[in-house]
Amino acid sequence: MMQNSQPPTSPKAQTRQQTLQQIPQWLQKNLFNTTLNSLLTLLCLAFLVWVGHGFWSWLAQAQWTVITANLRLFFVGRYPVNQLWRLWAVLGVFVGMTVLWTVPQLVQSQRVKKRIQLIFYILLPIAFCAIAYLANGGLGLKFVRTSLWGGLFLTLLTAAVSILLAFPFSILLALGRQSALPIVRWVCTGYIELVRGLPLIGILFMAQVMLPLLLPDEIRLDRVVRAIAGLMLFNAAYLAENVRSGLQAIPQGQTEAAKALGLNTIQTLTLIILPQSLRISTPAIVGQFISLFKDTSLLGLFSMFELTGISRTILSQPDFSDRQTEVYLFIGFIYWMVCFSMSQVSRKLEKQKA
Amino acid sequence: MGSTGQNPEQRQNPLSLGPSSRPKTRWWRQAKFWQFVWQAIVVVLVVAALSYLGYNLDHNLKRLGIRLGFKFLESQAGFSIGETPIAYQPSDRYAMAMFVGFLNSLRVIVSGIAIATLVGFVAGVARLSNNWLLRQLAKVYVETLRNMPLLLQLLFWYFVFTSLTKSDQVVSFGLFQFSKGGINLLGLSLSPEFSALLTGLTLYTGTFIAEIVRGGIQSVPKGQWEAARSLGLLPGQTLRFIILPQALRSMIPSLANQYLNLAKNSSLAIAVGYPDLYAVSSTTFNQTGRAVEVMILISLTYLSLSLSIAWVLNQFNRRVQLVER
């Protein structure tokens, strides 16, 4: 801050005075420049006062014990307390993999970038198995049934796993839909349009009820696995359309140039077409991930206890049955934070592209 | 696979003893042959997968003693439905119950599309307003509600509407009157379930429509505003007669997507207890155990709903698109 000995006409003070003088101007320009705008401003103010008043009187009677008493339920569900370290380990693996995935985007040197990416792809299946092993147990660890999984942990797990599984599937579907072979094109288009015409709740219902009927009766899939299968099949169709929009943005000349250099079809795809088109469709893919993250709330309707499901369970306890607003605001805030930060990332990517 | 068949001269093996002197690509070097092989492989794989699933389904259904068929639709439903736009009693058939559910879905989809469009256009225009406060309010609305799950919002609105209609006295908000009998809007009586579903769906879809409207308006060149202004049009007139008609052209495909999403999302009605098609079908499944048939009915209905919405918007799109020569 400024020292007292300095004269009041220092540049900083001047600018501050200027800003103070500009406030009425700003107000007039942005809020009261025409009669209509003045009216709108007053209306908005009235609305704000009304909302603020309502919120204030609600806040006065709000009781947050429903959150504090159930904090563990919100984050990990009914996972056994003495096994919680395993979820911390899962979180560690998850964060580590995310860091490993983001670092190459920041590194300048191509060689280091390639090497880190290679490590990432080698570690990915290992991390996958490690997470499954840590969360589920067996082989020396205590077995934890998936009906005990819940809260934000289950939300993140189902979202991350189903997007990872949906991604390769969606690339195949998108390529198939663009293919020159009519039958391949029909099969892929048929799948994409069929799934996109159905509500997610219907697909999840199918995954819960029909999937056991479609598999031999020796295979008993867990409820969570079935839900992940449903989410994956659903999101693959939408992701495929995002990937396809990227594929269509690549000029035909790229394929022709690759052919002229003597690359075969698979090389052309993996070295020339896909890297470019995936970069183009990244914002759309992030958008799809946001919507998948929100969609995991539907698992609550199929007796799984992810963030929304566990909240419904908590609210069904007589002690907390009239504390709905607190709970909805709290979990709404969690969802909002994750989705909003992802949407900011996607916006930044889009700006980079432009 | 690609373009091996293009240079027969070079590909010709000089040692070949073929009777024909005309250079010919060997059959396994021809693109057509490989196209055929790949497609045959795909067909075989798809057919194999489908028949494997079909075999399992048949086996499992036999094991459970279920025989497929839609005869069950003729038997008595036996459950009551909270809201019935046409006469319905529990003694009616399942087919009737599902039809009532379908009408309920239609009711919420049609009114939802209308109101969401209104909300979205107002919010989208407000986001571009030169009034700072209005702009910020619209931004907060869009950025909060689109980043929270619709299901959560529906649960919240259901809680709000049920608690407003719980008290004995009549509470009124502008045109709305809340009392024990439900919600009254200018003589129109609405149930808390329907109101919660409609509010949630329209406010959620409205945020996406607002972004589409904003993008659409911004895509109209600035010169259009200036030209309209120099012709003496007021800002409101400019928006209505000059900007929106042009913006609409680029907006329609994305709007269509949002309408389709709204139609599909209306199936979340089951979370607030509104008896839409999915909720009634779910009850039907719980009573009869007929997963396959119920699933087929739901899928066909939603697919035809989606197709008809897409068709209507395509027609509309064709009408508003510029016809150039």
Side-chain angles (χ1 to χ4, degrees), chain A residues 26 29-31 33-34 36-37 40-41 43-45 47-48 176 180-184 187 194 196-202 205-206 209-210 212-217 259 264-265 290 293-298 300-301 307-308 311-312 322 324-325 328-329 331-332 335-340 343, chain B residues 1-3 35 38-40 42-43 46 52-54 56-57 59-61 63-64 129-137 143-144 146-153 155-156 159-160 163 235-236 260 263-268 270-271 278 282 285 291-292 294-295 298-299 302-307:
Chain A
W26 184 89
K29 197 179 151 215
N30 288 298
L31 295 177
N33 53 352
T34 58
L36 183 74
N37 249 343
L40 272 176
T41 307
L43 264 176
C44 290
L45 280 176
F47 176 73
L48 276 178
L181 313 175
I183 292 180
V184 178
V187 169
L194 178 75
R196 274 160 45 94
L198 293 176
L200 173 60
I201 196 171
F205 175 84
M206 245 191 261
V209 178
M210 294 270 288
L213 290 177
L214 291 174
L215 294 173
D217 45 340
K259 285 253 160 75
N264 65 27
T265 312
I290 295 175
F293 185 77
K294 290 186 285 178
D295 284 342
T296 54
S297 60
L298 263 68
L301 297 178
L307 208 45
T308 309
S311 307
R312 273 155 60 102
D322 52 346
Q324 314 239 1
T325 319
Y328 292 149
L329 268 184
I331 64 167
Y335 279 115
W336 181 83
M337 274 212 311
V338 177
C339 294
F340 184 71
S343 76
Chain B
M1 334 167 260
S3 56
Q35 280 185 4
W38 282 113
Q39 299 199 63
V42 169
V43 169
V46 169
Y52 175 69
L53 295 179
N56 283 333
L57 180 67
H59 178 77
N60 283 323
L61 288 178
R63 190 169 50 90
L64 296 167
S129 156
N130 53 12
N131 186 319
W132 181 84
L133 193 59
L134 187 63
R135 218 160 53 217
Q136 296 307 314
L137 273 181
E143 292 294 349
T144 2
R146 71 181 282 162
N147 284 319
M148 283 188 205
L150 173 61
L151 181 64
L152 184 64
Q153 296 182 36
L155 293 173
F156 174 75
F159 166 70
V160 168
S163 41
L260 290 174
K264 284 179 275 172
N265 283 336
S266 73
S267 59
L268 291 181
I270 193 169
Y278 179 78
S282 178
F285 161 70
V292 184
V294 166
M295 215 45 246
I298 296 181
S299 308
Y302 277 105
L303 280 178
S304 38
L305 259 178
S306 298
L307 281 179

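Here is how names work: the chains are called A, B, and so on, in the same order as the sequence lines, proteins then strands, and each is numbered from 1. Any value given below was found using the heavy atoms of this structure, including those in side chains, with hydrogens, waters and symmetry copies removed. Source: prediction; values computed, not measured.
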| note | Under 4.5 Å to a heavy atom of chain B? For A:V187 that would be side chain

| request: State the CG-OG1 distance between B:N130 and A:T34, to the nearest 0.5 angstrom. | output: 7.0 Å

| request: Return the option, out of B:F159, B:Y302, B:F285, B:Y52, with the maximum number of heavy-atom pairs under 4.5 Å with chain A. | output: B:F159

| query | What closest approach, in Å, do A:M206 and B:S299 show between heavy atoms, and which atom pair accounts for it? | reply | CE-OG, 4.0 Å

| request: Sort A:L194 into side chain, backbone, both or neither according to what part of it lies under 4.5 angstrom from a heavy atom of chain B. | output: both

| query | Say you draw a straight line from OG of B:S266 to CG of B:L305; how long is it, rounded to the nearest 0.5 Å? | reply | 7.5 Å

| query | Which answer fits B:T144, side chain, backbone, both or neither, if we ask what part of it has an atom under 4.5 Å from a heavy atom of chain A? | reply | both

| request: For chain B, find which of A:C44, A:P216, A:G332, A:G202 contributes the most heavy-atom pairs closer than 4.5 angstrom. | output: A:P216

| Which residues satisfy the salt bridge (charged side-chain N to carboxylate O under 4.0 Å, His left out) test with A:D322, sequence neighbours excluded? | none

| B:L152 and A:S297: CA distance, side-chain angles, deciding distance, side chain to side chain contact (heavy atoms under 4.5 Å, CB included) verdict | CA-CA 8 Å; B:L152 184 64; A:S297 60; 5.9 Å; no

| In terms of heavy-atom pairs under 4.5 Å, which option from A:G176, A:P199, A:C339 contacts chain B the most? | A:P199

| remark: A:K294 and B:R146 have their tightest heavy-atom pair at NZ-O, 2.7 Å

| Heavy-atom pair of closest approach, residues B:A291 and A:V209 | CB-CG1, 3.2 Å

| said: What part of A:P212 gets within 4.5 angstrom of chain B, counting heavy atoms only: side chain, backbone, both, or neither? | reply: backbone

| query | At a heavy-atom separation under 4.5 Å, does B:L307 approach chain A through its side chain, its backbone, both, or neither? | reply | neither

| field | Which atom of A:L181 lies closest to which atom of B:Q35, heavy atoms considered | value | CD2-CG, 3.3 Å

| Smallest separation among heavy atoms of A:G197 and B:L303, with atom names | CA-CD2, 3.7 Å

| query | Do you know which of B:L64, B:L57, B:L260, B:N131 has the most heavy-atom pairs under 4.5 Å to chain A? | reply | B:N131

| query | When heavy-atom pairs shorter than 4.5 Å are enumerated against chain A, which of B:L268, B:L53, B:L155 gives the highest number? | reply | B:L155

| said: Less than 4.5 Å to any heavy atom of chain B: does that hold for the side chain of A:I331, its backbone, both, or neither? | reply: both

| task | List in chain and number order the residues that pass ring pair (Phe, Tyr, Trp, His ring centres under 6.0 Å) with A:F293, two or more places apart in sequence or in another chain; answer none if no residue qualifies. | result | A:Y335

| said: Can you tell me which of A:L301, A:I201, A:L198, A:L45 forms the most heavy-atom pairs within a distance under 4.5 Å of chain B? | reply: A:I201

| request: Check each atom of A:T296 against the heavy atoms of chain B and say whether the ones under 4.5 Å are side chain, backbone, both or neither. | output: neither

| message | Is B:M295 close to chain A through its backbone or its side chain, or both, or neither, when contacts mean heavy atoms under 4.5 Å? | response | side chain

| field | Segment of B:V292 engaging chain A (4.5 angstrom heavy-atom cut-off) | value | both

| request: Counting only heavy atoms closer than 4.5 Å, note whether A:L36 contacts chain B via side chain, backbone, both or neither. | output: neither

| message | Tell me which of these, A:D217, A:T308, A:I290, has more heavy-atom pairs under 4.5 Å with chain B than the rest. | response | A:D217

| said: Let's go through B:N56 and A:L213 carefully: what are the C-alpha distance in whole Å and the side-chain angles of both, what is the deciding distance for side chain to side chain contact (heavy atoms under 4.5 Å, CB included) to 0.1 Å, and is it a yes or a no? | reply: CA-CA 7 Å; B:N56 283 333; A:L213 290 177; over 6 Å; no

| field | Heavy-atom contact with chain B under 4.5 Å, split by part of A:T41 | value | both

| said: For B:M148, is there any backbone N or O sitting under 3.5 Å from a side-chain donor or acceptor partner on B:Q153? | reply: yes

| request: With a 4.5 angstrom heavy-atom cut-off, could you sort out which part of A:L40 is near chain B: side chain, backbone, both or neither? | output: both

